[in-house]
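Numbers here simply count residues along the sequence, with the first being 1.
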Amino acid sequence: MLGLAISIPSSNVFDWSPDDHERPPTLWFRNNHGIISSEGGDGVSYSPDRSSELGNLSDEDKIKQWTGQGSTALNFRQTTAADMPRFETDAADFGSLAFPNAAKYMDLFEDGGSGSTARFSAQFTILVRCKVTDLSAARTVLGDDDEEFIRFGGGSGQLTNTIRMKINNNAVNFTNGSGNFRTDEYTNFIITRDESNLCKLFVYSSSISSNEQGTEWGGETTQAGEISISNLGSSDDDTNNFQGFISDVIVWASELSNEERELAFNYVRKL
């Protein structure tokens, strides 16, 4: 990892929360928080449910809900046991949701209600911390039934160096001609869109780190329109499924400043 100078006081990092932004996040899902299991990896049901708050989750527990934090009134949920991600207790991935064999996903639900979709038609900031463990195919982190998605992998030959998103069915590719994402480390990435609809991608990982505000990855693209999110771990509800670990997902309906982006990266990264 490159040697980096910390440009903000460490107390600010530890005191900062995603809710501290002037516009609290629409989606906030946090490592080892709000994770609920009703069944173990061996198929034995738990009554009452186990949770990260109670501290009684076991490795491979099937996760039925990842509960939104702060002011977030939405949860990721999966009611089919075979399609549930698993809880991870290994030290390197503790508290993350494991998506094995590219076969698991979760849908977005209102708290105590029905299926839901988060829509962003103007500025946004999307922050994800994850470890994709297989890039032999495209791997979607966030998706929607209307073919909107954010995924690792563009077209042919762009599986390891591209993050692609779709906005109103228009592909936006962030491709680095000289770098690749690795399958043995966590990638922290932030996608922003400003008031002029200019979209940018910033990446921070053990091997990709030029400064505390992230390394800009690929070109900048102007793309207006709405991006919608209704599931975690697949696009179209069951295609290009994610394989690996997802630790944190935070989405604001506004653009973070450079300083806030630095705070956000420091908040989630565990290098």
### Query
Does the pair Glu110 and Leu74 meet the rule for a side-chain contact (heavy atoms from CB on, under 4.5 Å), with working shown?
CA-CA 5 Å; Glu110 295 178 7; Leu74 299 168; 4.0 Å; yes
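- A heavy-atom distance below 4.5 Å is found between the side chains of Arg164 and Asn173.
- Shortest non-hydrogen contact noted between Ile35 and Gly95 is CD1-O, 3.5 Å.
- Considering only heavy atoms from C-beta on, Ser207 comes within 4.5 Å of Glu185 through its side chain.
- Sequence neighbours left out, the pairs with a member in residues 32-67 that pass ring-ring contact (aromatic ring centres under 6.0 Å, His included) are Phe29-Trp66.
- Nearest heavy atom pair, residue Ser96 against residue Tyr186, reads OG-OH, 3.0 Å.
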### Task
Dump the intermediate steps for side-chain contact (heavy atoms from CB on, under 4.5 Å) on Phe265 and Gln213, then the final yes or no.
CA-CA 7 Å; Phe265 271 134; Gln213 296 175 2; 5.7 Å; no
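- Here the CG-OG distance, from Leu108 to Ser114, works out to 10.5 Å after rounding to the nearest 0.5 Å.
- In this structure, the separation between CG on Asn188 and CG on Leu127 is 7.5 Å, given to the nearest 0.5 Å.
- In this structure, a donor-acceptor pair under 3.5 Å is present between the side chains of Tyr267 and Arg30.
- In terms of heavy atoms, Asn231 sits closest to Phe76 at C-CE2, 3.8 Å.
- Remark: the backbone N or O of Glu260 is paired with a side-chain donor or acceptor of Ser257 at under 3.5 angstrom.
- None of Gln123, His21, Arg23 except one satisfies the side-chain hydrogen bond (donor to acceptor under 3.5 Å, both in side chains) rule with Ser254; the exception is His21.
- The two residues Ser51 and Asn56 come nearest to each other via the heavy atoms N-OD1, 3.1 Å.
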### Query
Step by step, would you call Arg182 with Ser205 a side-chain contact (heavy atoms from CB on, under 4.5 Å)?
CA-CA 9 Å; Arg182 290 171 43 171; Ser205 73; over 6 Å; no
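- By the 4.5 Å heavy-atom criterion applied to side chains, Thr239 and Phe149 are not counted as neighbours.
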### Message
As a quick check of understanding, evaluate side-chain contact (heavy atoms from CB on, under 4.5 Å) for Ile36 and Thr67, giving each step before the final call.
### Response
CA-CA 8 Å; Ile36 301 172; Thr67 308; 3.8 Å; yes
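- Under the 6.0 Å distance and 45° angle rule, Arg193 does not count as a cation-pi partner of Phe120.
- Inspection of the Ser230 and Thr117 side chains reveals no N or O donor paired with an N or O acceptor under 3.5 Å.
- In this model, no donor atom of one side chain and acceptor atom of the other lie less than 3.5 Å apart for Asp19 and Ser17.
- Using a distance-only test at 3.5 Å, with no hydrogens or angles considered, no donor-acceptor pair links the side chain of Ser38 to the main chain of Asp49.
- Using a 4.5 Å heavy-atom threshold, the side chains of Phe174 and Cys199 count as touching.
- Remark: Arg86 engages Glu60 in a salt bridge (Lys or Arg N to Asp or Glu O under 4.0 Å) (not counting sequence neighbours).
- Across all their heavy atoms, Gly179 and Asn161 have their closest contact at O-CB, 3.1 Å.
- The hydrophobic clustering, which links ILVMFWY residues whose side-chain heavy atoms are closer than 4.5 Å, places Leu27 and Leu232 together.
- When each of Phe202, Phe181, Tyr204, Phe152 is checked for a ring-ring contact (aromatic ring centres under 6.0 Å, His included) with Trp217, only Phe181 meets the rule.
- Of the listed residues (Thr183, Asp93, Thr187), just one forms a side-chain hydrogen bond (donor to acceptor under 3.5 Å, both in side chains) with Lys131, and that residue is Asp93.
- Note: Leu142 CG to Cys130 SG = 9.0 Å, rounded to the nearest 0.5 Å.
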